[in-house]
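Remarks on the structure that follows.
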Amino acid sequence: TKPVDDIKNSTEEIGVIIKNSIEIEITKEVDALVSFTVNSDNEIAVLDVKTNNEELKDLVKTSINSKKLTSEKLTVGKEYQFVLKLRNNK
């Protein structure tokens, strides 16, 4: 059976991975447009991270690329996008 694309739950899971993986000093809100797909092993393959913050771009790529999602609700090979928003946590 073909999976039902559940991008909401999947991006929430990815958000948790990012939150637990990266440490970056945020002085103002930073946005990044993250494009990704999943492979047949349900691992994330980052296609692109669009942001003005190069450090964030590299950290997002390294923190989620090749990470396995527990939810199998995305179609293999299909491109997905979400906006990542980081805020000053002080």
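The closest side-chain heavy-atom distance from Val60 to Val46 is not below 4.5 Å. At a threshold of 4.5 Å between non-hydrogen side-chain atoms, the residues Leu86 and Asn53 do not count as touching. Within the 4.5 Å cutoff, the side chain of Lys67 has no heavy atoms near those of the Glu43 side chain. With a 4.5 Å cut-off on side-chain heavy atoms, Phe82 and Leu33 do not count as touching.
At least one donor-acceptor pair closer than 3.5 Å links the side chain of Thr51 to the backbone N or O of Asp31. The closest donor-acceptor contact from the side chain of Asn65 to the backbone of Lys61 lies at 3.5 Å or more, if one exists at all. Side-chain N or O atoms of Thr37 include one that pairs as donor or acceptor with a backbone N or O of Lys78 at under 3.5 Å. Using modelled atom types, no side-chain atom of Tyr80 and backbone atom of Val34 make a donor-acceptor pair closer than 3.5 Å. Formation of a donor-acceptor pair under 3.5 Å by the Asn42 side chain with backbone atoms of Lys68 is not found in this model.
For the atom pair CD1 (Ile64) and CD1 (Ile44), the distance works out to 5.0 Å, reported to the nearest 0.5 Å. Atom CG of Leu56 sits about 6.0 Å away from atom CG of Leu84, to the nearest 0.5 Å. Taking NZ of Lys73 as the start and OG of Ser10 as the end, the distance is 9.0 Å to the nearest 0.5 Å.
Closest approach of Asp41 and Asn39 over heavy atoms only: N-OD1, 2.9 Å. In terms of heavy-atom proximity, Ala32 sits nearest to Val49 at CB-CG1, 4.0 Å.
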Worked verdict on Phe36 versus Ile14 for side-chain contact (heavy atoms from CB on, under 4.5 Å): CA-CA 11 Å; Phe36 72 99; Ile14 292 169; 3.7 Å; yes

Trace of the side-chain hydrogen bond (donor to acceptor under 3.5 Å, both in side chains) decision for Glu13 with Ser71: CA-CA 8 Å; Glu13 184 178 348; Ser71 156; 4.9 Å; no

Residue pair Leu69, Leu74: steps toward the side-chain contact (heavy atoms from CB on, under 4.5 Å) verdict: CA-CA 10 Å; Leu69 292 172; Leu74 299 179; 4.0 Å; yes

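A single hydrophobic cluster is not seen to contain both Ile18 and Leu47; linkage of ILVMFWY side chains at heavy-atom distances under 4.5 Å, directly or through other members, places them apart.
Within 6.0 Å of the CG atom in Asn52, the count of heavy atoms belonging to other residues, nucleotides or ligands does not exceed 12.
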